[in-house]
Asks: 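Questions regarding the structure given below will be posed in turn.
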Amino acid sequence: MSDFLGYFVLGITQGLIYGLLALGIVLIYKGSRVLNLAHPFFGLLCAFVAWWLTAQAGFLPFAKGSPARFAVASVLALALVGLNGRSIEHSLIRKLQGAPRLITLVLTIALGQGTLGIVYLVFNRTERQFTQARYLPPFFNASFDIGNLTAKAGFIQVWIAVPLIAIGLAAFFKYTKFGIAVRAAAENAESARLLGISVDRVSSFTWILGSVTAGIAGLLISVQRGGLDITTLTTGFLVYSLAAALVGGLTSLPGAMVGGMIVGMSETMLNMLVRDLSPGFWREVLKPELLVFGIVMIVLLFKPNGLFGQREETEDKVAFIPVLRSLPPRVRETPYAAWTGRAGTVLALLLALATSLATGSRTNGVLVDVVVYAILGVSLTVLMGYTGQISLGHWALVGFGAFLTANLFTRAHVPFLITVPMVFVWGMLLSLFIGLPALRIRGLYLAIVTLAFAFFSEFTLFKTTAFAGSQNGIRMEKPKLGPLDLGSSTNRPLFLYSLFLLFLVLWLARNIARSRTGRNLFALRENEKAAATLGVDLTMAKLTGFALSGGIAALAGSLHALNNPTVLAASFPAATSLVVIAVVMIGGIGSLQGAILGAIVVSGLPNLLQYDRNRWLVPIGTGILLIVILVRARGGLAGLLQIVKLRVVETLAAVAERPLVRQAPDRNSP
């Protein structure tokens with residue numbers, strides 16, 4: 001009984017934390033219809049700023065490390081993150097009003113990466129900073145035992161602060177004029193404008209308030225955990241808080257708290273039940289990550305709007321995802337367009353081969369990694385650019401393909417030429433399962449389930465003994481394909497094989513786009529209702545897009561396995577699934593060339609520059625580049641390349657036609 005009571009109290013504590021994080025996500029979503037994937041990172045920034053002001057700054061009153069000083073530091077840190085939220089809404093979100101919703105979703109990914117990079121740069125850059133012990137003091141010293149749990153001051157602060165915040169917000173939105181205005185604007189922005197309510201003010205307010213709640217959550221979590229480091233608020237808290245918001249309903253503030261309690265209690269009760277299981281398969285599989293993934297799948301399949309949420313018609317808007325349009329017909333139909341495209345392909349191939357021949361094994365290994373990301377970019381282009389669906393879990397599909405390749409070829413000794421198509425087929429089947437909620441919903445809701453799958457894969461699926469070799473992973477044997485020894489220390493044969501695989505998936509994706517299946521996928525992307533009216537089988541189109549994309553991503557995983565001596569769970573963190581979205585956005589979504597260009601920028605350049613020495617450069621650089629492209633050049637690098645191609649083709653056409661133009665005779669001449 002004492003064990004149950006201890007786990008029950010722990011579940012309440014976790015549920016309150018998840019509920020508070022979900023509350024901030026729902027606030028921002030209600031006010032601006034933006035799903036803020038940077039939310040926990042705002043809390044991380046607030047906690048680090050508060051720690052520095054409490055323990056390091058020399059200009060604040062009270063003794064360093066004292067609760068009184070922490071109180072002052074907390075107010076200043078919360079004010080900072082609130083101003084940060086206000087500036088983001090005013091300078092970025094407001095400029096993207098009316099843009100496809102993927103734009104703002106990816107913008108928040110960029111903001112999260114940038115925020116994480118800033119924390120690295122300011123607080124975790126040097127070896128001394130990395131090993132420094134940090135903690136935030138509680139406001140009072142108290143502790144008592146509840147069952148087998150010792151409830152310290154950090155727990156008590158959560159029990160007091162979160163209910164007070166929830167009650168205060170409920171009273172504000174129910175009884176104050178501005179709170180009622182916020183609710184009205186969230187439910188129907190156009191009607192609110194007619195009533196004289198400033199929707200922009202509402203959006204700014206919710207971003208400020210949502211960011212402050214993230215900061216409070218960061219402070220409470222840091223105190224409750226008894227320490228602060230770069231992993232205090234990670235992708236895991238994002239997944240749990242999104243699951244809580246989804247259970248309650250993305251548009252319901254009370255639902256956020258209820259959803260948080262359901263997720264928190266379910267997590268701790270599962271831990272209690274699994275604790276007494278003997279080591280084996282079920283103890284490895286029955287983990288909170290599987291529970292969260294299951295909760296998200298069940299909610300989206302049977303009650304997509306959550307327990308208290310309202311149906312959103314905004315999901316039926318045309319062109320949820322922006323894509324790079326093709327060249328104008330007057331240019332595309334000329335022979336010079338085809339010649340220019342072929343010439344560019346040949347030059348790129350010759351440059352890649354020359355680089356491989358002129359460099360050593362390390363550079364060739366980096367080039368293989370670039371191809372892995374390029375193939376993954378092609379798979380995301382098929383899913384997002386062709387069908388208009390969103391996935392935030394494709395890196396987990398790469399991991400699935402890598403482990404499956406190691407199992408089939410190394411463990412089961414299946415011939416490699418049979419292993420590769422089997423990986424493709426199994427990747428399709430797994431992607432079909434993950435995509436089942438797409439039959440009922442699309443867009444932002446679907447993004448949550450794919451992110452939950454990536455989280456489950458990282459901490460559960462990729463750590464099972466049967467499939468992934470437990471913590472030690474699976475050592476990958478390297479095959480020989482005729483004259484190509486893929487295990488060569490130069491990595492050159494492996495790079496040649498990777499180029500072949502890349503051209504194979506490019507050929508597949510291009511032919512799909514030109515087929516009737518591709519036309520159905522494009523119709524689905526532009527407008528589901530219009531596509532159904534034209535006779536497109538929506539169910540088949542959605543599942544086809546998911547299956548093809550998943551199969552291609554699994555092929556990228558098979559190549560990843562060949563490029564590493566051991567396939568490990570640590571190689572496939574869920575956070576990378578957020579980063580890989582930058583590949584298609586920076587490259588140019590909907591463009592197969594863009595997938596390659598994005599892979600070069602996101603994977604190739606950082607690895608060639610040995611970014612491990614300055615890890616903060618990658619998240620900050622990727623975040624800044626993403627923001628610039630989203631705000632200024634949504635066509636990405638492929639869009640810029642298309643402009644160059646247009647100019648070249650027009651110049652070639654003008655030069656070729658000039659001799660054919662005859663000058664009209666002068667009628668006045670003798």
Side-chain angles (χ1 to χ4, degrees), residues 1-23 40 43-44 46-48 50-51 54-55 63-71 73-74 131-167 213-234 236-237 239-241 244 257-279 283 286-289 291-292 459:
M1 183 63 184
S2 62
D3 286 353
F4 174 79
L5 187 59
Y7 275 101
F8 182 80
V9 173
L10 182 60
I12 291 177
T13 307
Q14 292 295 102
L16 289 172
I17 290 173
Y18 297 151
L20 182 60
L21 285 167
L23 198 63
L44 183 68
C46 180
F48 268 92
W51 165 81
T54 302
K64 291 182 179 180
S66 64
R69 186 170 178 136
F70 175 50
S74 297
T131 57
Q132 185 176 18
R134 306 181 186 92
Y135 74 95
L136 294 175
F139 289 117
F140 51 83
N141 291 318
S143 65
F144 54 90
D145 294 332
I146 302 179
N148 62 350
L149 175 70
T150 299
K152 297 182 179 180
F155 286 82
I156 301 172
Q157 286 182 181
V158 172
W159 302 341
I160 296 173
V162 177
L164 288 177
I165 292 170
I167 293 171
T213 60
I216 295 174
L219 297 175
L220 291 174
I221 291 169
S222 301
V223 175
Q224 186 244 335
R225 285 192 164 194
L228 174 64
D229 58 41
I230 206 74
T231 63
T232 298
L233 277 90
T234 59
F237 275 101
V239 173
Y240 280 110
S241 57
M257 296 304 303
V258 173
M261 295 302 298
I262 291 175
V263 172
M265 290 297 298
S266 300
E267 176 192 7
T268 53
M269 291 299 105
L270 178 64
N271 287 334
M272 183 184 72
L273 294 174
V274 173
R275 180 194 57 178
D276 297 328
L277 290 178
S278 58
R283 187 165 184 175
L286 294 177
K287 291 184 177 180
E289 295 79 18
L291 176 68
V292 171
F459 290 99

Asks: To the nearest 0.5 Å, tell me how far I17 CD1 sits from L220 CG.
Replies: 7.0 Å
Asks: Measure the spacing between CG of L233 and SG of C46 and express it to the nearest 0.5 Å.
Replies: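 Reported to 0.5 Å precision, the distance equals 10.0 Å.
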Asks: Below 4.5 Å, heavy atoms only, C-beta onward: do V9 and F155 meet side chain to side chain?
Replies: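 They are not in side-chain contact.
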Asks: Nearest 0.5 Å please: distance from the CZ atom of F139 over to the CG atom of L219.
Replies: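 If I round to the nearest 0.5 Å, the distance is 7.5 Å.
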Asks: Identify the two heavy atoms, one from A47 and one from L228, that lie closest to each other, and give their separation to 0.1 Å.
Replies: O-CD2, 3.5 Å
Asks: Contact between M257 and L16 at the side-chain level, heavy atoms closer than 4.5 Å - yes or no?
Replies: yes
Asks: Atom CD1 in I216, atom OG in S74: separation rounded to 0.5 Å?
Replies: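 Result: 9.5 Å between the selected atoms.
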Asks: What heavy-atom pair brings I156 and A151 nearest, and what distance separates the two atoms?
Replies: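 Heavy atoms only, the tightest pair is CD1-O, 4.4 Å.
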Asks: Where do S66 and P137 come nearest, in terms of heavy atoms and distance?
Replies: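 Scanning both residues completely, I find the closest heavy atoms to be O-CG, 4.0 Å.
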Asks: Ignoring hydrogens and angles, state whether a donor on the side chain of Q14 or Y240 is under 3.5 Å from an acceptor on the partner side chain.
Replies: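 No.
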Asks: Using side-chain heavy atoms (C-beta onward) and a distance below 4.5 Å, is M265 in contact with I12?
Replies: yes
Asks: Any non-hydrogen side-chain atom of F8 less than 4.5 Å from a side-chain atom of M272?
Replies: no
Asks: Would you say that M269 contacts F4 through its side chain, given a criterion of any heavy-atom pair below 4.5 Å between the two side chains?
Replies: yes
Asks: Could you grab the distance from atom CG of L270 to atom CD of E289, nearest 0.5 Å is fine?
Replies: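 CD of E289 is found 9.5 Å from CG of L270.
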Asks: Measure across K152 and S143 and return the closest heavy-atom pair with its distance rounded to 0.1 Å.
Replies: CA-CB, 4.0 Å
Asks: Provide the closest heavy-atom pair for N141 versus P138 in the form atom of the first, atom of the second, distance.
Replies: OD1-CG, 4.1 Å
Asks: In Å, rounded to the nearest 0.5 Å, how long is the span from CG of L44 to CD1 of I230?
Replies: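 Between atom CG of L44 and atom CD1 of I230 there are 5.5 Å.
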Asks: For R225 and T232, work out which heavy atoms get closest and say how close.
Replies: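 Taking every non-hydrogen atom into account, NH1-O, 3.5 Å.
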Asks: I want to check something: taking the side chain as every heavy atom from C-beta on, are W51 and F70 in contact at a cut-off of under 4.5 Å?
Replies: no
Asks: Where does the angle between the aromatic ring planes of F144 and W159 fall among parallel (under 30°), tilted (30 to 60°) and perpendicular (over 60°)?
Replies: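 Plane angle between 30° and 60°, so tilted.
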